[in-house]
Chemist: 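One structure, as structure tokens, below. Some questions next.
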Amino acid sequence: MAYKFKQVMQKPERLMGGHRMCAGCGAPVAVRAVLRALDEDDKAVIGCATGCLEVSTFMYPYTAWMDSFIHNAFENAAATVSGSEAAYVALKRRGKIDENYKFIAFGGDGGTYDIGFQSLSGAMERGHDMVYVCYDNGAYMNTGIQRSSATPMYADTTTTPVGSESEGKPQTRKDLSEVMAAHNIPYVGQTTLLGNFKDIHEKSYKAIHKKGAAFLNILAPCPRGWRYAPEDLMHICKMAVETCYWPIYEVEDGVWKLSYKPRKKLPIEEFIKAQGRFKHLLKPENKKYLDEFQAEVDRRWEDLLRRCGEEV
């Protein structure tokens, strides 16, 4: 599939403006990019777990979604969308539906990594022809910036506050993309918001149009929880990739492939220094915690290189 920037960006929007997401939020940018991968004659059923995206884009009786939309509880977006897909297959087999539909679920990391993990794992294992998209902002942002299993180590959240007794979240971040790849589904892609959106578009197109279950994990920064200036959104995404905190890769039919390898891997400071949630790590007395963070990033990056058959 050739990526033609102008043609892709001129497609009609399927998530309209006028929603109430924050300025500088990565989630609506990610959603719009994913939906652009639908062909113009594709019909879609969208499921959305409770979270910032849902409460800000669907305020009854108003909606920002141009496709059929189902609001789910935190824990059952994957179950609802997989059930909708199964009903569609049955109705089409009986000749009661002629149109072609795509099925896409969206959820934040709280409703994906944690509360909704069981239904997500089940839907992937059953092999429904659907895509689950996680917009990963690294905490329960909608309910008060509580830590999730996607929160990186030493991040300041309301349930892991930095102070005299704590340096932030003590645990490392769960690697959900790796967990989904272990389900042996046809496609897993990890990406974020970069440059001309080529990577996110190509991965979204593969996920949507490949037969079977697919999972996309998209780093989608949150200005409120990460405490950065709204205009720094794209820069932070770029630094996440250049420091290898958030490498972009895909696992297609069991084959791991690195999408981008920085010529010069930057230190983790370049990713965290624009974020207020990590300002304590930049103090000289906390260098040991910063070194631990760097070591964990390096370990995961080297492990990914080996999986992808790249030189370490």
Side-chain angles (χ1 to χ4, degrees), residues 1-19 21 23-46 48 53 57 64-69 99-106 129-136 177 180 185-221 230-242 246-253 255-263 308 310:
M1 178 198 60
Y3 177 67
K4 299 179 179 179
F5 179 78
K6 288 186 177 180
Q7 289 89 327
V8 170
M9 291 299 168
Q10 288 172 358
K11 280 185 172 183
E13 293 288 354
R14 300 177 87 137
L15 178 71
M16 303 303 292
H19 55 71
M21 299 293 280
C25 174
V29 184
V31 171
R32 290 170 63 200
V34 171
L35 297 182
R36 285 192 198 103
L38 287 162
D39 292 332
E40 291 192 36
D41 58 347
D42 283 335
K43 295 180 181 295
V45 173
I46 308 296
C48 191
L53 182 64
T57 60
W65 301 87
M66 298 300 290
D67 292 288
S68 299
F69 181 84
E99 299 93 344
N100 292 317
Y101 278 83
K102 303 296 183 183
F103 294 83
I104 306 173
F106 290 97
D129 190 10
M130 60 173 284
V131 184
Y132 191 103
V133 182
C134 176
Y135 62 98
D136 186 340
S177 299
M180 288 296 104
I185 58 178
Y187 189 78
V188 174
Q190 180 164 297
T191 187
T192 187
L193 312 174
L194 294 171
N196 66 356
F197 292 86
K198 181 176 186 292
D199 189 73
I200 192 172
H201 178 78
E202 291 181 345
K203 286 186 169 72
S204 299
Y205 193 91
K206 285 183 180 181
I208 290 171
H209 295 280
K210 194 173 183 67
K211 186 70 175 176
F215 177 78
L216 287 175
N217 205 2
I218 304 174
L219 185 70
E231 63 270 20
D232 288 342
L233 169 63
M234 301 297 283
H235 172 73
I236 287 177
C237 291
K238 179 176 175 59
M239 288 301 100
V241 174
E242 295 293 340
W246 191 263
I248 53 175
Y249 66 93
E250 61 186 358
V251 186
E252 187 171 7
D253 297 322
V255 179
W256 291 65
K257 181 181 177 183
L258 194 66
S259 304
Y260 175 75
K261 186 176 184 180
R263 289 186 178 182
C308 295
E310 298 278 343

Chemist: So does K11 pair up with E40, basic N to acidic O under 4.0 Å?
Modeler: no
Chemist: Does some side-chain heavy atom of M66 sit less than 4.5 Å from a side-chain heavy atom of E13?
Modeler: no
Chemist: Please say which of E252, E250, K206, K210 ends up in a side-chain hydrogen bond (donor to acceptor under 3.5 Å, both in side chains) with Y187.
Modeler: E250
Chemist: Hey, which of I200, I248, L219 is the one that makes side-chain contact (heavy atoms from CB on, under 4.5 Å) with L194?
Modeler: I248
Chemist: Once rounded to the nearest 0.5 Å, what's the spacing between atom CH2 of W246 and atom SG of C237?
Modeler: 10.5 Å
Chemist: Considering non-hydrogen atoms only, spot the tightest contact between I218 and A30 and give its length.
Modeler: CG2-CB, 3.8 Å
Chemist: Supply the atom-to-atom distance E242 CD to R263 CZ, rounded to the nearest 0.5 angstrom.
Modeler: 10.5 Å
Chemist: Taking the six-membered ring for Trp, is the centroid-to-centroid distance between H201 and F197 below 6.0 Å?
Modeler: no
Chemist: Distance-only, no hydrogens or angles: does the D39 side chain make a donor-acceptor pair with backbone N or O of D41 under 3.5 Å?
Modeler: no
Chemist: So how far is it from F103 CZ to I46 CD1, rounded to the nearest 0.5 Å?
Modeler: 10.0 Å
Chemist: Would you call D67 and K43 a salt bridge, taking side-chain N to carboxylate O under 4.0 Å as the test?
Modeler: no
Chemist: Do P28 and Y135 touch side chain to side chain, with heavy atoms closer than 4.5 Å?
Modeler: no
Chemist: Using the side-chain contact (heavy atoms from CB on, under 4.5 Å) definition, which of the options L35, V34, V31 pairs with R14?
Modeler: L35
Chemist: State the NZ-NZ distance between K203 and K198, to the nearest 0.5 angstrom.
Modeler: 9.0 Å
Chemist: Please round to the nearest 0.5 Å and tell me the distance separating atom NE2 of H209 and atom OG of S204.
Modeler: 9.5 Å
Chemist: Please find the pair of heavy atoms, one from L38 and one from A44, that lie closest to each other, and give the distance.
Modeler: CD1-CB, 4.0 Å
Chemist: Check the orientation of W65 and F106. Use parallel for under 30°, tilted for 30 to 60°, and perpendicular for over 60°.
Modeler: tilted
Chemist: Which atom pair, heavy atoms only, marks the closest approach of A27 to A220?
Modeler: N-CB, 3.8 Å
Chemist: What is the distance from atom OG of S177 to atom CH2 of W256, rounded to the nearest 0.5 Å?
Modeler: 8.0 Å
Chemist: Could you tell me if the side chain of M130 sits less than 4.5 Å from the side chain of K102, heavy atoms only?
Modeler: no
Chemist: Short question: side chain of Y249, backbone of C308 - any donor-acceptor pair under 3.5 Å?
Modeler: no
Chemist: Of the non-hydrogen atoms in M21 and T57, which two are nearest, and what is the gap between them?
Modeler: CG-CG2, 4.5 Å
Chemist: Please report the closest heavy-atom contact between P186 and G212, naming both atoms and the distance.
Modeler: CG-CA, 4.2 Å
Chemist: Do Y260 side-chain atoms and D199 backbone N/O form a donor-acceptor pair below 3.5 Å?
Modeler: no
Chemist: Which heavy atom of A64 sits nearest a heavy atom of H19, and at what distance?
Modeler: CB-CB, 4.2 Å
